[in-house]
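Chain identifiers are assigned alphabetically (A, B, ...) following the order of the sequence lines, protein sequences preceding nucleic acid strands; residue numbering begins at 1 within each chain.
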Number of protein chains: 2
Amino acid sequence: MNRILICDDEKDIVRAIDIYLKAEGYDTVKAYNGSEALKLLKDDKDIRLVIMDIMMPEMDGIEALSELRKFSNVPVIFLTAKSEDADKILGLNLGADDYITKPFLPAELTARVRSALRRYTMLGSISTEKTVISVGSISLDDPAKEVRVDGDIVNLTKTEYEILKLLMQEPGKVFAPGEIYTKVWGDDPYGTENTVAVHIRRLREKIEIDPAKPRYLKVVWGRGYKIEGGSR
Amino acid sequence: MNRILICDDEKDIVRAIDIYLKAEGYDTVKAYNGSEALKLLKDDKDIRLVIMDIMMPEMDGIEALSELRKFSNVPVIFLTAKSEDADKILGLNLGADDYITKPFLPAELTARVRSALRRYTMLGSISTEKTVISVGSISLDDPAKEVRVDGDIVNLTKTEYEILKLLMQEPGKVFAPGEIYTKVWGDDPYGTENTVAVHIRRLREKIEIDPAKPRYLKVVWGRGYKIEGGSR
DNA sequence: ACCCAAATGAACAGGATACTGATATGTGAT
DNA sequence: ATCACATATCAGTATCCTGTTCATTTGGGT
């Protein structure tokens with residue numbers, strides 16, 4: 001989920017922005033001056049964007065930004081009154097990512113928010129999705145398509161990999177063979193019950209020490225298969 | 001050096017921007033319509049920023065941007081006439097990074113340019129400071145366009161170089177042949193699967209000791225290729 | 001303990017994918 | 001114009017993956 005921090009001393013503006021963003025499906029956090037915003041940002045590392053007024057009591061936007069940049073690269077969009085050109089440029093050089101002049105159109109706000117979030121996640125320093133899933137001593141690195149068991153690389157085929165990934169995304173959950181088929185093959189399962197079973201067996205040969213007594217890839221009779229951390 | 005592409009059909013504007021940017025120490029490249037700009041961007045991967053008008057003959061800014069995004073994440077700043085609000089927002093959603101309304105102040109232009117470049121280099125894996133990427137005993141010096149394996153210079157062609165650079169920017173990550181094609185050629189992959197494979201082979205002949213048993217440039221069956229340091 | 005359904009194990013043939021060598025086309029330099 | 005080099009295309013081969021079949025074992029309900 002994309003969480004956005006809104007910071008302005010005028011509560012009406014905060015509330016308005018809050019409504020626009022919530023309508024677009026974003027999660028929001030509110031602050032009413034710079035130091036409050038900083039405190040929230042230090043605590044909550046899941047905030048992916050900051051929208052902040054420049055003129056605020058206690059600690060203004062410029063100062064807050066220069067403090068913020070000491071510990072985070074989170075994108076910041078400044079709100080400015082119409083004619084503060086000097087502030088605009090100053091803010092941009094300090095490391096703000098964008099600014100919006102008040103008053104603004106809702107559509108412009110959401111467009112800039114989308115754009116800023118897109119940049120942040122696309123350039124990929126902090127990606128939204130977890131790239132490595134691990135259960136017990138199995139780890140799955142998705143971009144590298146690499147699976148390790150007890151630190152050793154195991155070579156899985158594409159299908160085996162997809163099945164393992166599916167199970168590992170929700171450890172403990174039982175997947176019926178038909179469900180696995182639909183998710184992995186993207187097709188209706190019809191007379192293919194055994195297909196999944198065969199791949200499960202091959203998977204076990206590769207990731208289990210004793211395939212007959214699986215540590216991880218367990219069967220639930222009449223229901224399906226699941227992945228489970230060996231310790232529980 | 002930061003190279004910037006300026007693209008507008010009004011030659012006076014291009015010249016004006018050119019002067020501003022040269023005065024700030026930037027390197028510039030000029031184009032007068034979208035397709036010209038695209039051609040330049042495909043050939044010259046060192047362009048770090050694009051400043052482009054929305055309204056242009058031949059191929060307009062919006063179309064050029066959507067083509068561009070298929071093979072590059074280079075930041076784009078749009079130029080717009082004063083009241084084209086609809087275009088503004090459309091452009092931002094497509095992946096533009098900023099826009100400037102005409103007429104604009106020189107100071108505002110340079111501020112936005114600095115800001116866009118800062119974002120691109122700070123957040124990206126493609127940073128200006130990290131000019132040399134190395135994986136295992138392969139090193140790639142981008143400004144010098146020089147590749148060394150175990151200290152010896154190897155002569156790569158442009159295509160080979162671009163492929164290697166793409167893979168080395170994210171070591172371990174698997175790139176599908178089609179993905180490599182779009183990123184390097186800047187075109188849609190259609191019946192070109194073998195093309196990539198052949199270049200991979202050429203690359204291996206040059207950087208691997210035994211191309212049949214590659215140390216670095218590995219294949220992941222049914223997935224694509226990746227570069228990996230032999231030791232990890 | 002019995003039976004049936006579900007799960008496992010092994011082997012095989014067809015299919016898909018990647019690699020290789022040869023050839024044709026394009027491009028820039030001399 | 002010619003040459004050298006880079007690039008694209010093609011066909012053949014090797015390799016690996018996949019889904020099937022069939023026999024066997026395991027588990028649970030009665």
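- A search for ring pair (Phe, Tyr, Trp, His ring centres under 6.0 Å) contacts involving A:Y181 returns A:W185, not counting sequence neighbours.
- For the pair A:Y181 and B:L156, nearest-nucleotide mapping onto DNA chain D gives the more 5' position to B:L156.
- Nearest-nucleotide assignment on DNA chain C puts the 5′-proximal partner with A:V220, out of A:K158 and A:V220.
- Among the protein residues, A:Y161 comes within range of no part of the nucleic acid, since none of its heavy atoms lies under 4.0 Å from any strand.
- A salt bridge links B:R223 and A:E162; the closest N-O separation between the charged side-chain nitrogens and carboxylate oxygens is under 4.0 Å.
- In this structure, A:A197 reaches the bases: a heavy-atom distance under 4.0 Å links it to at least one base atom across the strands shown.
- Rounded to a whole Å, the CZ atom of B:R223 is 17 Å from the P atom of C:dA16.
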Determine all donor-acceptor pairs shorter than 3.5 Å in which one atom belongs to a side chain in residues 52-60 of chain B; sequence neighbours excluded.
unit_1	atom_1	unit_2	atom_2	d
B:D60	OD1	B:I62	N	3.2
B:D60	OD1	B:E63	N	2.9

Anything under 3.5 Å between a protein N or O and an N or O of nucleotides 22-25 of chain C, put it in a table, one pair a line.
none

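- At the heavy-atom level, B:T192 lies nowhere under 4.0 Å from the strands shown.
- At least one side-chain heavy atom of B:L68 sits less than 4.5 Å from a side-chain heavy atom of B:V74.
- In this structure, CG of B:N194 is placed 10 Å from C1' of C:dT17, rounded to the nearest angstrom.
- A cation-pi geometry, defined here as NZ or CZ lying under 6.0 Å from the six-membered ring centre and within 45° of its normal, does not hold between B:K30 and B:Y32.
- One interatomic measurement links the two molecules: NZ of B:K226 to P of C:dA18, which rounds to 14 Å at whole-angstrom precision.
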Below 3.5 Å, can you tabulate the donor-acceptor pairs from side chains in residues 132-140 of chain B to any protein atom, sequence neighbours excluded?
unit_1	atom_1	unit_2	atom_2	d
B:S137	OG	B:D150	OD1	2.6
B:S137	OG	B:Y216	OH	2.7

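- Note that the first and last nucleotides of DNA chain D, 5' to 3', having any atom under 4.0 angstrom from a heavy atom of chain A are D:dC17 to D:dG27.
- At a threshold of 4.0 Å, the pair B:K45-B:D142 does not count as salt-bridged, since none of the basic side-chain nitrogens sits closer than that to a carboxylate oxygen.
- Taking B:R15 as the reference, nothing meets the side-chain hydrogen bond (donor to acceptor under 3.5 Å, both in side chains) condition, with sequence neighbours excluded.
- Along DNA chain C, the nucleotide nearest to A:E205 and the one nearest to A:G222 differ in position, and the one closer to the 5' end is contacted by A:G222.
- Atom NZ of A:K173 has more than 12 heavy atoms from other residues, nucleotides or ligands within 6.0 Å.
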